[in-house]
Every structure is written in C-alpha cells, then in structure tokens.
Amino acid sequence: MAAPTRRAWLGLLRAARSYHAPPPRRRPGGVYRPDPDDPLAPAWQLEPAYEAKLYGRHGSASGVDPARLWPSPEKLQELQAEEREWFPGLREMEAALDEKEQEEERQRVEREKLIAANMAKMPQMIEDWRREKAARKEKEREDKARRQRLLAEAQERFGHKVDHRSAKFQELVQEMEKKQRKELKLKKKQLKEEAKKKAAAAAADPEPVPVSAGAAEPA
C-alpha cells in the first residue's frame, strides 16, 4: 500500500478542521439522574464529578444546583496547596532559582577551598610519605640484617645451614629475643641503681654555698 502524499495529508487536515461534532441528543424522558438509593447505580455516577459533567452538558436542565459544584473550603485549601506545589508563582520560582544558584555557588567555593587546602598540604604529605618510605626501608634492612645474623648464629650452633622457616630457627629466634629482653632489663636495673647512688652521694655531700663579695666579714 502506497504512503499518502502531501496533498492527501493536507486534504485530511482541512476535513478535520471543518468537522463540528453535533450536540448530544437529549433523551425523550429528560436528563438521566441516577438514584442514590438504587444499589445498582454505578458509584462513579454518584460522585460530584458526574453532576458537574451533567451541568456542563445540559446546563440548568440537568437539575443540578451549581452551588453544590463549588468545592468546599477544605477542598479549596487542598486545591490551592496542590497548585502552589505543582504550579508555583513567578516570585516563588525566582526565589527557588536564586536559592539554587546560591547553593551551587556555596558548594563551588567550598570545593575550591578544599582543593586549595589539599594543594597547600601536598608538600608536607609528600615529605611524610618519603619519610615513611625511608623508615620502612630501614626497618626492612634491619630485619634482613637481624635474620642474617640469626642464621649465622644458627649455622654456628647447629653446624649446618638452617632454613629460617624451620622450627629450629624459630626456637633460636625466641631464645635470642628472650636473651635480649633479659639483657635490656638488667641494663635498666643497673642504670636505676647508678641513679640512686648518685642521688644519695649528692644528698650526703652538699655543695658549699658561695659567699658573695659584698657580704660583711665577721668581727
């Protein structure tokens, strides 16, 4: 089937514009009004919207009191609140746009301040990272030297090479750590005793108080 041409489309548009729907036919018995007491009456025909439809179609002939079609004060307030929410006025829209622009500007300023603060901290952060990296490498070197020293001591004790993952090597490590802790404890004790001796000697032999040059000599 061939597609309609442009001339055919124009003809259809002109026909649609010239079409006027005929007025609704009136029922012979007058306007139909549902009986509220009839249990078979559809629920939607008992609502105010149906009465408004009847009044809009038939006018005063519908028998509908137009005063009843006006919303109640509660319904009017609800409609006004809904209109303010979904269709705000020009001033409200301008205020909302101003508030949005101010919030975006505030966020931009805060973001720039954060970037500037981080950039100012960058040299110190790099220096700290380098210091931590150097300390980590130094610790690795110390651990490696300690492991080599322990391996040499284990080879000297057992007469052969020992794997650092073996139980013998782990026992040696625990023994060496225990020995180091004991030596450190003994050293602290010696330093404490020496400090006590120095304090006792200073209390037993106080330094003489120098006599000032301007003090009077005894008679």
Side-chain angles (χ1 to χ4, degrees), residues 1-137 139-140 165:
M1 181 178 181
T5 61
R6 185 171 180 274
R7 181 175 296 179
W9 278 113
L10 292 175
L12 290 174
L13 289 175
R14 292 194 188 97
R17 290 173 184 170
S18 61
Y19 174 77
H20 297 284
R25 293 178 297 175
R26 296 183 179 273
R27 294 177 179 271
V31 180
Y32 168 74
R33 295 287 304 278
D35 186 6
D37 298 332
D38 186 4
L40 300 179
W44 62 273
Q45 292 183 358
L46 302 177
E47 296 178 355
Y50 182 76
E51 292 189 349
K53 182 179 180 180
L54 289 178
Y55 186 82
R57 175 173 293 183
H58 303 286
S60 59
S62 62
V64 178
D65 184 7
R68 295 174 53 189
L69 304 178
W70 189 258
S72 62
E74 294 78 10
K75 185 64 177 179
L76 184 60
Q77 292 179 0
E78 181 181 349
L79 293 174
Q80 290 175 349
E82 184 178 354
E83 184 177 357
R84 286 193 299 269
E85 180 180 359
W86 293 100
F87 305 99
L90 181 60
R91 293 183 179 179
E92 288 79 2
M93 293 176 65
E94 290 179 349
L97 289 175
D98 292 341
E99 184 178 356
K100 182 179 179 182
E101 291 177 356
Q102 292 175 4
E103 179 65 20
E104 291 177 352
E105 179 67 16
R106 184 186 65 80
Q107 293 180 0
R108 184 186 65 81
V109 172
E110 289 183 356
R111 185 167 59 252
E112 291 180 353
K113 287 182 179 180
L114 180 61
I115 293 173
N118 291 335
M119 292 299 294
K121 295 177 182 178
M122 188 64 66
Q124 184 63 35
M125 293 172 66
I126 294 175
E127 183 65 24
D128 294 342
W129 174 77
R130 289 177 177 173
R131 190 182 301 108
E132 291 176 359
K133 184 178 179 181
R136 186 168 59 252
K137 287 187 176 181
K139 187 176 183 303
E140 290 176 357
R165 294 168 295 184

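The first residue in the sequence is number 1, and the count goes up from there.
- Side-chain contact check for W129 versus M125: every heavy-atom pair is 4.5 Å or farther apart.
- Taking K75 as the reference, P71, S72, E78, L79 meet the side-chain contact (heavy atoms from CB on, under 4.5 Å) condition, with sequence neighbours excluded.
- Summarising the geometry, atom CZ belonging to R91 is positioned 14.5 Å from atom CE belonging to M93; distances are rounded to the nearest 0.5 Å.
- Sequence neighbours left out, the pairs with a member in residues 33-55 that pass salt bridge (Lys or Arg N to Asp or Glu O under 4.0 Å) are R33-E51, E51-R68.
- Heavy-atom minimum distance, P34 versus P36: O-CD, 3.4 Å.
- For R106, the CZ atom sits in a packed shell: over 12 heavy atoms of surrounding residues, nucleotides or ligands are nearer than 6.0 Å.
- No side-chain heavy atom of P42 sits less than 4.5 Å from a side-chain heavy atom of Y50.
- A 4.5 Å side-chain heavy-atom check between R111 and L114 finds every atom pair outside the cut-off.
- Expressed to the nearest 0.5 Å, how far CD of E110 lies from CD of E105 amounts to 11.0 Å.
- If you check the side chains of D98 and Q102, you find no donor sitting under 3.5 Å from an acceptor.
- E99 is not listed as a side-chain neighbour of E103, based on a closest heavy-atom distance of 4.5 Å or more.
- The heavy-atom pair separating S62 from L54 by the smallest distance is CB-O, 3.6 Å.
- Put simply, CD1 on I126 and CZ on R130 are 6.0 Å apart, with the number rounded to the nearest 0.5 Å.
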| CA sep, side-chain torsions, deciding dist, call: E112, R108, salt bridge (Lys or Arg N to Asp or Glu O under 4.0 Å) | CA-CA 6 Å; E112 291 180 353; R108 184 186 65 81; 2.6 Å; yes

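- Residue E85 holds its CD atom at 10.5 Å from CZ of F87, rounded to the nearest 0.5 Å.
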